[in-house]
Amino acid sequence: MLPVFLLASMAILGATTLMGIVTNSIIVVVNVADKIKGKSFSSSDLILVTLGMSNITFQIAMTANDFLTILWSDLYFSDTVYAIFNTLLLLPIFSSFWFTVCLCVYYCLQIVIFTHPFLVRLKLGISRLVPFLLGASVFTSVVISIPALWSTYKDPQNANFSSNQSLETEVPKLSVVYLFSSNIIGCSIPLVLVGVSNCLIINSLIRKSTMLEKNKSDVSRPRTDARERAARTVGCLLLLYMTFYISEIFMFIDFFPPSSPGFCTCLMVIYVYSPTQSIILIFGSPKLKKASLTLLKLPRKCGREQKETPKILFIRLRFQRALNHKDS
């Protein structure tokens with residue numbers, strides 16, 4: 001029988017996987033449906049779709065990886081399977097980070113007013129550059145993920161079978177050199193770019209709000225609300241990104257022993273990353289927020305209609321009988 005910790009981990013992973021797939025599917029389906037209907041499909045919508053698809057892939061890969069680790073550890077820790085699963089797991093992680101950079105930089109260029117000629121041209125042409133930035137993000141993620149296939153080594157560990165006997169087993173692990181280099185390119189640089197975008201957006205909003213207070217004007221309030229909403233989205237993404245980044249580092253370097261409170265906390269942060277990010281993105285977009293609330297209200301609406309149907313039929317029958325009696 002599996003230990004309680006493993007059973008709880010599997011249950012939480014299953015719940016977060018289901019939630020992550022549903023919330024990210026909402027992002028993808030709503031935007032793709034609008035595109036099919038011929039509605040406006042902005043560059044931010046394109047980034048959200050690719051980010052949602054990347055998160056779904058990450059959630060599925062992480063679920064398969066962890067379930068295989070728990071249920072079929074002998075198969076998982078074979079050289080080939082271990083290398084393949086690590087590559088499939090790292091690719092959507094790095095892609096998600098770089099897609100997040102694309103979204104934050106896009107919001108930054110839309111909100112902040114620049115005076116440098118290069119940044120002005122970049123601001124005007126960012127919509128045309130978004131597909132190329134997404135393609136570059138995928139290419140970068142593939143380039144730094146593929147070396148995981150051959151960047152493993154055997155780590156000898158002692159497995160205790162009795163108080164007087166132990167057996168040394170070799171467990172494959174990713175090399176420290178690969179982890180360091182891939183972490184710099186795939187995690188650290190995107191984190192810095194998201195942080196810089198967040199700082200620029202906050203500074204711009206503070207300056208604009210100060211200017212509006214001095215002029216005592218409330219001009220273009222919808223645009224101001226959109227900018228504040230984008231700033232909240234970028235800030236929440238940065239906070240989530242930092243939490244995931246720290247937890248990921250702790251897990252890679254085996255900072256906490258298995259089943260310890262610190263290990264469990266880091267594991268839960270990694271499990272909830274994808275659904276939490278999708279919720280942040282949904283509440284940062286009025287279109288996605290409206291679609292999500294509509295889906296949540298639908299079951300209650302159906303249940304209410306089912307409850308009210310007998311009453312309506314009864315009232316209708318009474319009314320028809322009264323009309324028939326009056327005619328007679």
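Position 1 is the first residue of the sequence, and the numbers go up from there.
One finds the CG atom of Leu133 at 10.0 Å from the CH2 atom of Trp98 (value rounded to the nearest 0.5 Å). The CD1 atom of Ile12 lies 11.5 Å from the OG1 atom of Thr17; values are rounded to the nearest 0.5 Å. We find the OG1-CZ distance between Thr276 and Phe244 to be 11.0 Å, quoted to the nearest 0.5 Å. Between atom CD1 of residue Ile146 and atom CD1 of residue Ile144 there is a gap of 11.0 Å, rounded to the nearest 0.5 Å. Interatomic distance, Trp150 CH2 to Thr87 OG1, rounded to the nearest 0.5 Å: 8.5 Å. Taking CG from Leu46 and CZ from Phe99, the interatomic distance works out to 9.5 Å, rounded to the nearest 0.5 Å.
Ile202 belongs to a hydrophobic cluster whose remaining members, ordered by chain and number, are Ile206; membership requires side-chain heavy atoms of ILVMFWY residues under 4.5 Å apart, directly or through intermediates. Other members of the cluster containing Leu239 do not exist, because no ILVMFWY side chain is joined to it at under 4.5 Å. Through side-chain heavy atoms spaced under 4.5 Å, either directly or across other Ile, Leu, Val, Met, Phe, Trp or Tyr residues, Phe139 is tied to Val143. With a 4.5 Å cut-off between side-chain heavy atoms of Ile, Leu, Val, Met, Phe, Trp and Tyr, the cluster of Ile21 takes in Ile56, Ile60.
The shortest non-hydrogen separation linking Ser141 to Ser137 is OG-O, 2.8 Å. Residue Asn65 comes nearest to Thr69 through the heavy atom pair O-OG1, 2.6 Å, listed as atom of the first residue, atom of the second, then distance.
Residues Pro190 and Phe94 have side chains not in contact (no heavy-atom distance under 4.5 Å, counting atoms from C-beta outward). Side-chain atoms of Phe58 and Leu89, non-hydrogen and from C-beta on, do get closer than 4.5 Å to each other. Residues Gln59 and Pro275 are in side-chain contact: their nearest non-hydrogen atoms beyond the backbone lie under 4.5 Å apart. Between Met62 and Ile93, the closest side-chain pair of non-hydrogen atoms is not below 4.5 Å. Leu134 places a side-chain heavy atom less than 4.5 Å from the side chain of Cys102. Looking only at side-chain heavy atoms (C-beta outward), Leu288 and Leu48 come within less than 4.5 Å of each other. In this structure, Ser145 and Ser182 have side chains that are not in contact, with every pair of non-hydrogen atoms separated by 4.5 Å or more.
Within the 3.5 Å criterion, the main-chain N or O of Ile201 finds no donor-acceptor partner in the side chain of Ser204. The backbone N or O of Tyr82 lies less than 3.5 Å from a partner atom in the side chain of Asn86, making a donor-acceptor pair. Proximity of a side-chain donor or acceptor of Asn24 to a complementary backbone N or O of Gly20 within less than 3.5 Å is detected. Checked by atom type and distance alone, the side chain of Ser285 never pairs as donor or acceptor with a backbone atom of Leu281 at under 3.5 Å.
Note on Leu191: it clusters hydrophobically with Val101, by side-chain heavy-atom contacts below 4.5 Å among ILVMFWY residues. Under a hydrophobic-cluster definition in which Ile, Leu, Val, Met, Phe, Trp and Tyr are linked whenever side-chain heavy atoms come within less than 4.5 Å, directly or via other members, Val120 and Tyr106 are assigned to different clusters. Placement of Val176 and Tyr178 in two distinct hydrophobic clusters is found when ILVMFWY residues are connected by side-chain heavy-atom separations under 4.5 Å, directly or transitively. Taken together through direct or relayed side-chain contacts under 4.5 Å among Ile, Leu, Val, Met, Phe, Trp and Tyr, Val269 and Ile246 form parts of separate hydrophobic clusters. The hydrophobic clustering, which links ILVMFWY residues whose side-chain heavy atoms are closer than 4.5 Å, places Leu240 and Val272 apart.
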Test Arg232 against Phe283 for side chain to side chain contact (heavy atoms under 4.5 Å, CB included), laying out the working first. CA-CA 10 Å; Arg232 285 194 298 268; Phe283 280 91; over 6 Å; no
Test log, rule side chain to side chain contact (heavy atoms under 4.5 Å, CB included), inputs Lys35 and Val49: CA-CA 11 Å; Lys35 177 66 175 178; Val49 169; over 6 Å; no
Between Leu91 and Ser95, is the side chain to side chain contact (heavy atoms under 4.5 Å, CB included) condition met? List the steps. CA-CA 6 Å; Leu91 177 58; Ser95 299; 4.0 Å; yes
So Ser42 and Asp45, side-chain hydrogen bond (donor to acceptor under 3.5 Å, both in side chains) or not? Walk me through it. CA-CA 5 Å; Ser42 64; Asp45 293 333; 3.2 Å; yes
Report the C-alpha distance between Met251 and Phe263 in whole Å, list the side-chain angles of each, state the deciding distance to 0.1 Å, and finish with yes or no for side chain to side chain contact (heavy atoms under 4.5 Å, CB included). CA-CA 7 Å; Met251 295 292 285; Phe263 182 88; 3.6 Å; yes
So Ser44 and Tyr107, side-chain hydrogen bond (donor to acceptor under 3.5 Å, both in side chains) or not? Walk me through it. CA-CA 8 Å; Ser44 62; Tyr107 283 153; 5.1 Å; no
Let me have the donor-acceptor pairs involving side chains of residues 123-131, under 3.5 Å, with sequence neighbours excluded, atom names and distances please.
residue	atom	partner	partner atom	Å
Lys123	NZ	Leu109	O	2.3
Lys123	NZ	Gln110	O	3.4
Lys123	NZ	Val112	O	3.0

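Here Ser96 pairs with Leu51, Ser54, Asn55, Thr100, Tyr273, Gln277 under the side-chain contact (heavy atoms from CB on, under 4.5 Å) rule; sequence neighbours left out. Remark: Tyr241 engages Phe97 in a ring-ring contact (aromatic ring centres under 6.0 Å, His included) (not counting sequence neighbours). In this view, Lys289 satisfies the side chain to side chain donor-acceptor pair (under 3.5 Å) rule with no residue, not counting sequence neighbours. When the ring-ring contact (aromatic ring centres under 6.0 Å, His included) test is applied to Phe250, the partners found at least two apart in sequence or on another chain are Phe255, Phe256. With sequence neighbours excluded, the residues that form a side-chain contact (heavy atoms from CB on, under 4.5 Å) with Asn203 are Arg207. Contacts of Phe67 classified as side-chain contact (heavy atoms from CB on, under 4.5 Å), with partners at least two apart in sequence or in another chain: Met10, Leu13, Thr63, Leu71. Looking at residues two or more places apart in sequence or on another chain, you find no side chain to side chain donor-acceptor pair (under 3.5 Å) involving Ser197.
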